[in-house]
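To find a chain, count down the sequence lines: A is the first, B the second, and so on, and within it residues start at 1.
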2 protein chains.
Amino acid sequence: MRDNKPEDLTMADIARMAGVSESTVSRALAGSELVAEKTRKRITELASAAEYTVNEGARSLRLKKTKTIEVVIPIEHHHRQHISDPFFLDMLGALADAIADRDHDMLLSKIPPWATDKRSNALVSGRADGVIIIGQGRRRDQLRDFTNAHRRVVVWGAHIDNEDYTIVGSDNRDGGRLAAAHLLSLGRKRIAFLGDVSLPEIKLRHAGYLDALQQAGVTADEGLTFNAPFDSEEAFAAAKILLDKKLDFDAIFAASDVIAMSAIAALGNAEMKVPQDVSVVGYDDIVGAAWYSPALTTVSQSIHEGGEALVRSLFARINGEATASVILPPKLIIRQSCGA
Amino acid sequence: MRDNKPEDLTMADIARMAGVSESTVSRALAGSELVAEKTRKRITELASAAEYTVNEGARSLRLKKTKTIEVVIPIEHHHRQHISDPFFLDMLGALADAIADRDHDMLLSKIPPWATDKRSNALVSGRADGVIIIGQGRRRDQLRDFTNAHRRVVVWGAHIDNEDYTIVGSDNRDGGRLAAAHLLSLGRKRIAFLGDVSLPEIKLRHAGYLDALQQAGVTADEGLTFNAPFDSEEAFAAAKILLDKKLDFDAIFAASDVIAMSAIAALGNAEMKVPQDVSVVGYDDIVGAAWYSPALTTVSQSIHEGGEALVRSLFARINGEATASVILPPKLIIRQSCGA
DNA sequence: CTGTTAGCGCGTTCAC
DNA sequence: GTGAACGCGCTAACAG
């Protein structure tokens, strides 16, 4: 049982054991050319035999680099709401890979940097070299203030005019258009929209949906847009309203796969068949979408590339380079839930 | 645009601005009683006006405490395999809450501490005060070595004899028993098992399943156990084998909800109805289980309590206290997929 | 109550 | 090639 700091070795200990100075140990371990091949080898072997590891904290302080990136998934947790959308997990996996590739650590937080109720933000307090924020949330003013004040930040979300921070995300409007156009091409005309339009990304998906309707010469029925904020449970409830009110609809475009799945469950309970009675298209192409029954037709955000792009942009900013926003092309993945 | 370290304020700056010594600033900001109410107020106001934040890195070095916990979700990434099971997301959410409650940060890693190919482990290199490892994986010897060498570690997983590290997890054997017994009580006798028995937790769930069969006087058919390692895709394939081989079965006990969902999808493709033709029970009670169609009958692991228990145990160990393993009682959640 | 002194563990000049 | 000295930013012991 180690981990009792007193027992932990320091560079000075290794120096003493090797009969050299701390500087030499430091250089040797860093693989510096300035140290004789022989002594370097001796020291590295000694160090690994002693299971010595450099203290990254001290190293960070000296170098002014923490080699860690903070990832924020800002969940408004009124009621300790959980990160329940698998989209986040996919994104986290992509970010973890991209960050590890660059030999950095990943600090995960659910609290947005501006909600400084407890400890201050990691970037600000020097625990991280940069921050990736997933989603623009509902407090766009605060996000703007934060991105204005700090340069080592990138955001995943919708591309909004007038925002000058670096945003990485897919073309949500085009995604919405793709989804709705596909449903229209299948002869569906009464397409319900389920999603929280107060979120920028969803708003754009909805705009794309309206674009497609207009392009097809179909008049949009506002009564078919359900823009209450919701998760699985509320999506389920929204679908029930569609049914209970006996609203006339033949398709659903859900702003996320999770919403789509919940809606399908609600339809199933009401003995309505997907896709026979109602076509459904989701958004995100989360891992489970392909294995749902019916397999979900959805708009893919290429999350893995998104994660890589976020990290690439952030490192560019850390290095002082200028960065432009990145718009990834969405892709319609046709499976069974749409009926074609 | 700040974040350019040269511009960043240090405690010495604040001291100079306030006309006091660094120590006084340090004490004031720490809310020490040793400093006069008036000066403390003056300093804190000055600091916040200047947007000064204590450098946590330096603080950690001095205090020998990082106030961060590493969470490892060891994914064997032969092919960059992703963390695709929502179970991890639920667990992550629970851990994030529990860790934030204790005013610590959470470092997330996909690489097990013993796979020291790149940077050394966070605990070892002084970037974290403790480690939580999710799952025992397939390399139990290496896990054992690691837990033997370090005391500030807790593991989520199965309770195995002969292991003396602190394990938090649900009673997997009892969970397996609950699931199988329920299926048996519904008159199902040919129950297929889908899951990777080489993993300790799954192995126990399988043992519980066998227990229940025996208790009911039903002979187990080994041909109905599919123990290949698998995810969504492979679960789907396994279910297809059940069907293609025209094996005689009337129920499926899946070792996870994700597996259950995939199996249901495969059954659906073959026009077999759940639960009419085949009863299905899953494991985990992930968030999506309730909104699946049919709603999934499953064994709940009470993940939120599990996360809290992990963190509580870890902090106890960090404080030098002895800790015992924690066994959480599983709970059968009856929904629709089982047929009762 | 406050200031001075002394490190925490490391990397990096600047000498030799 | 190597060592001595210094400081990254902070807190804690010791004086006063």
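Listed nucleotides C/dG3, D/dC10, C/dC10 differ in distance to B/M11; the shortest reach to its side chain belongs to D/dC10. For A/A58, counting side-chain heavy atoms from C-beta on, the closest listed nucleotide (D/dG9, C/dT2, C/dC10) is C/dC10. Closest to the side chain of A/S21, out of C/dG3, D/dG3, D/dG1, is D/dG3. Between C/dT12, D/dT11, D/dT2, one nucleotide has an atom nearer to the side chain of A/L34 than all others, and that is D/dT2. With distances taken from any side-chain atom of B/V35 to the nucleotides C/dG11, C/dT2, D/dG3, the minimum falls on C/dT2. Of the candidates C/dT4, C/dG9, D/dC10, D/dC10 carries the atom nearest the B/N55 side chain, counting heavy atoms from C-beta on. The side chain of B/T24 sits closest to C/dT2 out of D/dC10, C/dG11, C/dT2. Of the candidates D/dG3, C/dT4, C/dG3, C/dG3 carries the atom nearest the B/R27 side chain, counting heavy atoms from C-beta on. Distances from the side chain of A/K64 to the nucleotides C/dT2, C/dG7, D/dC8 place D/dC8 closest.
Under a 3.5 Å cut-off, the side chain of B/N121 and the backbone N or O of B/V124 do form a donor-acceptor pair. Of the possible polar contacts, none joining the B/S32 side chain to the B/R27 backbone as a donor-acceptor pair under 3.5 Å is found. Proximity of a side-chain donor or acceptor of A/R317 to a complementary backbone N or O of A/A322 within less than 3.5 Å is not detected.
Nucleic acid contact class of A/R62 (heavy atoms, under 4.0 Å, all strands): base. Among the heavy atoms of the strands lying under 4.0 Å from B/T10 are primed sugar atoms or P, OP1, OP2 only; no base atom is included. Residue-level contact check: B/S60 touches neither bases nor backbone, having no heavy atom under 4.0 Å from any strand. Backbone-only contact: B/L63 has heavy atoms under 4.0 Å from sugar-phosphate atoms and none from a base.
Judged by the 6.0 Å distance and 45° axis criteria, B/R102 is positioned over the aromatic ring of B/F315.
B/R144 and B/D164 are not joined by a salt bridge, as no carboxylate oxygen comes within less than 4.0 angstrom of a charged side-chain nitrogen.
Counting atom types as modelled, A/T39 pairs no side-chain N or O with a base atom of D/dT2 as donor and acceptor under 3.5 Å.
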